[in-house]
Amino acid sequence: MAAPGKHRSNATDSETVAKKKRFPGHWSQGLLSSMENPELRVDSDDQAVVIKDKYPKAKYHFLVLPKMKISNLKSVTGDHVSLLKHMHKMGSKIAKRSDENLKFKMGYHSIPSMGQLHLHVISEDFCSPCLKTKKHWNSFTTSYFIDSTEVIETVEKEGKLSVDETLNQKLLKENLRCHVCHKEFTTMPALKQHITQHDYSSK
């Protein structure tokens with residue numbers, strides 16, 4: 001009979017291997033596996049994939065990811081302009097298909113936490129239990145969130161997009177303000193209650 005300690009070691013080793021199989025690599029690379037998840041994927045073609053955000057920050061929240069390996073905005077060059085335009089077109093399509101009467105924002109986080117370039121397509125109602133913190137809010141309602149058309153125009157003109165990381169980290173700590181009327185709030189619950197009063201119709 002094997003020693004009890006050995007049994008525990010083997011069990012631990014097996015659990016570790018199983019976890020590695022389920023969650024390969026660092027969490028920041030999770031989007032690469034999400035692209036292959038049929039439960040999240042809502043559209044795809046030869047250049048890009050559209051998936052539902054696992055933790056949506058609004059009624060509708062999608063991510064458009066290129067199939068080409070591009071880590072983030074700093075890796076984007078003039079050679080990627082046509083791809084950026086294609087991603088924007090896919091984002092517009094999925095927004096219209098979701099609710100053509102609702103306003104949507106399309107853009108990129110200047111300093112994303114997740115690897116692989118991804119375009120956010122998000123409805124402006126910001127109605128979601130996953131929207132919990134000041135960082136969540138400011139990442140979509142300040143200039144930390146760079147509009148897709150601005151990214152395309154800048155890269156097309158300059159061949160790249162420069163990001164001031166120090167400035168952008170400060171943006172996440174700004175005071176909470178309504179993205180429609182700019183009224184300031186001290187807590188997320190108060191802000192979330194307030195934004196339900198606004199109309200997010202696209203017409």
Side-chain angles (χ1 to χ4, degrees), residues 28-73 75-76 79-110 112-132 135-156 161 178-181 191-192 194-203:
S28 63
Q29 299 304 309
L31 288 180
L32 295 175
S33 58
S34 293
M35 289 173 68
E36 307 300 326
N37 188 336
E39 293 183 1
L40 295 177
R41 187 185 289 208
V42 294
D43 198 4
S44 67
D45 61 18
D46 60 332
Q47 297 186 65
V49 174
V50 182
I51 64 173
K52 292 180 288 187
D53 193 293
K54 280 186 176 181
Y55 306 100
K57 302 303 187 292
K59 182 178 181 180
Y60 298 104
H61 189 181
F62 305 96
L63 305 178
V64 185
L65 303 102
K67 290 187 175 180
M68 179 188 297
K69 187 72 180 295
I70 305 173
S71 57
N72 51 44
L73 284 177
S75 302
V76 170
D79 294 334
H80 299 127
V81 170
S82 62
L83 176 60
L84 295 175
K85 290 180 177 179
H86 182 75
M87 291 169 62
H88 184 96
K89 186 176 180 180
M90 288 186 76
S92 298
K93 177 182 173 183
I94 199 66
K96 186 174 182 180
R97 196 167 78 194
S98 299
D99 190 336
E100 62 180 5
N101 297 315
L102 191 61
K103 290 181 181 178
F104 280 79
K105 293 165 67 80
M106 292 199 298
Y108 301 83
H109 285 153
S110 56
S113 57
M114 301 293 286
Q116 184 63 358
L117 183 72
H118 53 284
L119 169 67
H120 289 270
V121 181
I122 185 168
S123 55
E124 293 192 23
D125 56 275
F126 292 111
C127 178
S128 169
C130 296
L131 184 68
K132 299 177 180 179
K135 182 178 179 180
H136 289 161
W137 179 258
N138 285 338
S139 69
F140 287 101
T141 61
T142 69
S143 53
Y144 186 91
F145 187 83
I146 310 174
D147 187 85
S148 175
T149 55
E150 180 183 341
V151 171
I152 292 170
E153 290 171 1
T154 301
V155 175
E156 198 165 27
L161 185 76
C178 173
H179 61 308
V180 178
C181 66
L191 173 61
K192 291 183 74 173
H194 167 80
I195 62 176
T196 61
Q197 302 172 24
H198 290 296
D199 179 19
Y200 302 103
S201 171
S202 60
K203 296 181 179 180

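None of these values were measured; they are calculated from a predicted model.
- A side chain to side chain contact (heavy atoms under 4.5 Å, CB included) with L161 is found for exactly one of V76, I146, L84, N72, namely I146.
- In this structure, OG on S44 lies 6.5 Å from CE on M90, to the nearest 0.5 angstrom.
- Of the possible donor and acceptor atoms, none in the side chain of E100 sits under 3.5 Å from a partner among the backbone N and O of A95.
- The nearest pair of heavy atoms linking S98 to I94 is OG-O, 2.7 Å.
- To the nearest 0.5 angstrom, F62 atom CZ is 12.5 Å from M106 atom CE.
- The two residues L119 and M87 come nearest to each other via the heavy atoms CD2-O, 3.5 Å.
- The backbone N or O of E124 sits less than 3.5 Å from a side-chain atom of H179, completing a donor-acceptor pair.
- Summarising the geometry of H194 relative to C181, their closest heavy-atom pair is NE2-SG, 3.2 Å, with the distance given to 0.1 Å.
- Side-chain N or O atoms of E36 include none that pairs as donor or acceptor with a backbone N or O of R41 at under 3.5 Å.
- Expressed to the nearest 0.5 Å, how far CG of L83 lies from NZ of K67 amounts to 11.5 Å.
- For the atom pair NE2 (H61) and NZ (K54), the distance works out to 14.0 Å, reported to the nearest 0.5 Å.
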- Message: I'd like to know whether H88 forms a side chain to side chain contact (heavy atoms under 4.5 Å, CB included) with V151, so could you lay out the CA-CA distance, the side-chain angles of the two residues, the decisive distance to 0.1 Å, and finally the verdict.
- Response: CA-CA 10 Å; H88 184 96; V151 171; over 6 Å; no
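- Of the candidates F140, F104, Y108, F140 is the only one forming a ring-ring contact (aromatic ring centres under 6.0 Å, His included) with H120.
- With hydrogens and angles left out, the side-chain atoms of T149 and D147 include a donor and acceptor closer than 3.5 Å.
- Ring centers of F126 and H136: at least 6.0 Å apart, outside the cut-off.
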- Message: The test is side chain to side chain contact (heavy atoms under 4.5 Å, CB included); show your working for L117 and H80 and say whether it passes.
- Response: CA-CA 11 Å; L117 183 72; H80 299 127; over 6 Å; no
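- Taking CD1 of I195 as the start and OG1 of T141 as the end, the distance is 9.5 Å to the nearest 0.5 Å.
- Between I51 and V49, the shortest heavy-atom distance links the atoms CG2-CG1, 3.8 Å.
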- I would like to know whether S139 and K57 meet side chain to side chain contact (heavy atoms under 4.5 Å, CB included); could you show each step before the answer? CA-CA 11 Å; S139 69; K57 302 303 187 292; over 6 Å; no
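- Taking CG from D53 and CE from M114, the interatomic distance works out to 9.0 Å, rounded to the nearest 0.5 Å.
- Using a 4.5 Å heavy-atom threshold, the side chains of K52 and S34 count as separate.
- Considering all non-hydrogen atoms of both residues, C130 and P56 come closest at CB-O, 3.1 Å.
- Put simply, the side chain of K192 gets close to the backbone of S128: a donor and an acceptor are under 3.5 Å apart.
- Of all heavy-atom pairs between D125 and K59, the closest is OD2-N, 3.0 Å.
- The neighbour count for E39 CD, taken as heavy atoms of other residues, nucleotides or ligands under 6.0 Å away, does not exceed 12.
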